[in-house]
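Here is how names work: the chains are called A, B, and so on, in the same order as the sequence lines, proteins then strands, and each is numbered from 1.
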Amino acid sequence: MAEPMLKPPKIAISPVDWMRRNLFSSWYNSLLTIVVGYLVVTSVGPVFSWLFFEATFLGTDSSDCTGTGACWLFISQRLNFFIYGFYPDEFQWRVNIMFGLLAVCFVPQFIEGFPWRKWFGLFGLTGLPVVGYFLVPGGSFGLEAVESSKWGGLMLTLILAYIGIIASLPIGIVLALGRRSEMPIIRGICVVFIEVWRAVPLITVLFMASVMLPLFLPDGMNFEKLMRALIGITLWQSAYMAEVIRGGLQAIPRGQYEAADALGLGYWKKTGLIILPQALKMVIPGIVNTFISLFKDTTLVLIIGLFDILGTVQSTITDPAWQNVAIEGYVFVAFCFWVFCFGISRYSQNLERKLDTGHKT
Amino acid sequence: MGNTMTEQTQATDPKKTVPSQKDDNSSAIIRVEGMNKWYGDFHVLKNLNLNVRQGERIVICGPSGSGKSTFIRCINRLEEHQQGRIIVDNIELTDDIRHIDTVRREVGMVFQHFNLFPHLTVLENCCLSPIWVRKVPRREAEATAMEYLERVRIPEQASKFPGQLSGGQQQRVAIARALCMKPKIMLFDEPTSALDPEMIKEVLDVMIELAGSGMTMICVTHEMGFAKTVADRVIFMDSGEIVEEAPPHEFFTNPREPRTQKFLEQILQH
Ligand SMILES: Nc1ncnc2c1ncn2[C@@H]1O[C@H](COP(=O)(O)OP(=O)(O)OP(=O)(O)O)[C@@H](O)[C@H]1O
Ligand SMILES: [Mg+2]
């Protein structure tokens, strides 16, 4: 009590000290540092010069790509196709609005203390798909219809991943709760659903959805191919999601259920207010992991003839107008995927930190 | 609420010396009649009978595994009984979920391991069930919660999370949380046995104060000092049976049953 203001000691380390401690603490660490340093220097240099210094950025067609580096012209010239697929130019503003809304909803999530950011996020999860449902396909409110067969590129990738992600989470929650239900019929249905869908590769699901499903559906009831793929992806994904969430449910101590029961909260309030918030928080890493892998798995729609971003790039690579641009194309696709997946991952880490209430048991 | 409680305690005070309350069935707030419970083949609770009057304070003790927890958990149906009747506040506990929910609203429970909700602040822990179960407006619920947090002497912790509190503080929050539902009955299952010695007193003080306010209480505890000061009756359980039931001075100075004598010898050695 005598000295309440005692501050924790500040630790200051000079760069030389830091290197001595971390890079050259023993002879084998020094050796490793030197070897790894050599490899980094010799490989990073060429990569950078291919990516930037020797690369061609300006021009109009492949004949302008004369340097030894990457031909980024290929990307910039065909960017429209990579982003929108065959979506007609004059209606692309509709897609742009969706991109804009997506940014407006989710960029604030990375900014600490942004006003109403919770509401932006909530709109992104609930309102955005509704707006998109009317805006992108058109056909109502005086908007001209654009068939889903014309959609493609990044836009299609985002639609598939976004719908897959936000639809599979609630379905997964319901399945996970159902699998722990005390009612045998509900539990049975959920177990069968999960085990069947989880045991099938996504590629098979997509194939069935595009080829077999139309054979089973009654006449006059037919979805577009994209819709069928979406349903397939969502159901497949929700089986995974259910198991991740069940892991969280199982980790909740029995005392939490008992305390909620003793307070007279019924099943739904207990689940919604006490159990799920804790369980979901606990499995954020697992949920994000499934999101990210779904995001990348959407590229499989290629095999049923939908052109996502990978599909558009791949079909352009074989275009005779552009020669030897395969690497540029794949690097571009990889970069796009990395940006989104890294974004998801950063956001989830943010969320985890924010939700951490320091409870250790 | 306060008024009726004090009347009750005064009215029941003279009866304190009467060991058996069987004649007084009608005014009992908890009635347990011929209750039996099994876990599989294991007969945990054997033909239990107990009447608790409003405002009465009962301490249950007994060796580990004797079924004390199981017994009080039957009173708010955290456990099911298979035979006999349990009637709480004139509602019989059956499979009917509505009855169970009604009873749970009137019965508060405090657990050995606190069981606070770690993702909610102390204040939210206290307000949650008044708001969602009793449909009290948020502002009112918060005011009530602060009142009870003051009574358990931790109003300054209201905005903290349970993980940031000491064990004794957490247990006091748990008591406040149960009280916020304005229950007629409070059940305590070894509320101090997970606590360090210096924290036991702060929790017991709160419980003693609560007992003084006329709350009907059933406490499973080995705190014999507590039993002596506040209990109207002490119940000794062993292997699923109520072996002895007596007012504290009689129970501690003059136990009738040999099993009780042995138990008391053991715990008073410490
Ligand atoms: N879920 C269960 N399934 C089977 N047996 C159980 C179960 N819960 C408790 N028991 C058994 O029932 C008996 C009574 O348990 P209970 O927890 O009521 O004892 P207790 O008197 O509270 O003991 P303690 O003082 O250690 O808390 C014990 O023998 C225990 O092993
Ligand atoms: Mg016990």
Side-chain angles (χ1 to χ4, degrees), chain A residues 1 4 113 118 121 173 176-177 180-184 186 245 247-287 348-361, chain B residues 69 72-73 75-79 97-122 124-135 159-165 167 170 173-174 177-183 185-189 194:
Chain A
M1 273 296 159
K118 226 196 265 174
I173 290 174
L177 291 173
R180 286 168 59 84
S181 162
E182 277 159 21
M183 284 174 268
I186 292 182
I245 292 165
L249 292 174
Q250 244 147 11
I252 304 291
R254 214 177 65 156
Q256 294 288 309
Y257 290 87
E258 288 176 353
D261 283 339
L263 285 169
L265 297 164
Y267 176 82
W268 293 109
K269 286 173 195 156
K270 172 174 68 176
T271 308
L273 297 169
I274 308 299
I275 306 304
L276 271 182
Q278 293 185 63
L280 290 178
K281 187 175 93 182
M282 219 177 287
V283 294
I284 287 175
I287 292 178
S348 81
Q349 281 167 27
N350 251 353
L351 196 65
E352 263 178 77
R353 218 170 308 124
K354 210 174 64 193
L355 294 178
D356 181 17
T357 55
H359 187 80
K360 287 155 210 91
T361 34
Chain B
S69 300
I72 70 164
R73 289 156 59 87
I75 294 172
N76 63 354
R77 196 118 172 146
L78 287 183
E79 302 282 351
I97 294 198
R98 276 165 307 160
H99 289 178
I100 297 173
D101 283 344
T102 323
V103 165
R104 283 178 180 165
R105 237 171 276 171
E106 305 302 334
V107 180
M109 181 151 194
V110 175
F111 299 86
Q112 181 176 4
H113 295 288
F114 332 134
N115 296 353
L116 294 176
F117 304 130
H119 62 303
L120 301 176
T121 63
V122 164
E124 288 165 343
N125 262 279
C126 293
C127 295
L128 185 83
S129 116
I131 290 173
W132 288 90
V133 179
R134 285 226 192 270
K135 315 283 184 212
S159 56
K160 285 198 185 164
F161 286 99
Q164 299 163 321
L165 303 184
Q170 289 191 47
V173 173
R177 175 177 74 177
L179 291 176
C180 281
M181 281 294 278
K182 310 234 160 126
I185 301 162
M186 284 285 284
L187 308 175
F188 293 83
D189 190 0

Taking atom CG of A/Leu263 and atom CZ of B/Phe117, what is their separation to the nearest 0.5 Å? 5.0 Å

Sort B/Arg177 into side chain, backbone, both or neither according to what part of it lies under 4.5 angstrom from a heavy atom of chain A. both

So which of B/Thr102, B/Val107, B/Val133, B/Asn76 has the biggest tally of heavy-atom pairs under 4.5 Å with chain A? B/Val133

Which heavy atom of A/Asp261 sits nearest to which heavy atom of B/Arg104, and what is that distance? O-CD, 2.9 Å

Heavy-atom donor-acceptor pair, B/His119 side chain to A/Leu273 backbone, under 3.5 Å: yes

Roughly how far, to the nearest 0.5 Å, is CD1 of A/Ile274 from CG of B/Leu128? 4.5 Å

From B/Trp132 CH2 over to A/Lys270 NZ, what is the distance, rounded to the nearest 0.5 angstrom? 16.0 Å

Identify the heavy atoms of B/Asp101 and A/Gly264 that sit nearest to each other, and give their distance. OD1-O, 4.4 Å

Look up atom CD1 in B/Ile131 and atom NZ in A/Lys269, then write down how far apart they are to the nearest 0.5 Å. 11.5 Å

Tightest non-hydrogen contact, residues B/Phe111 and A/Ala262, listed as CZ-CB, 4.0 Å

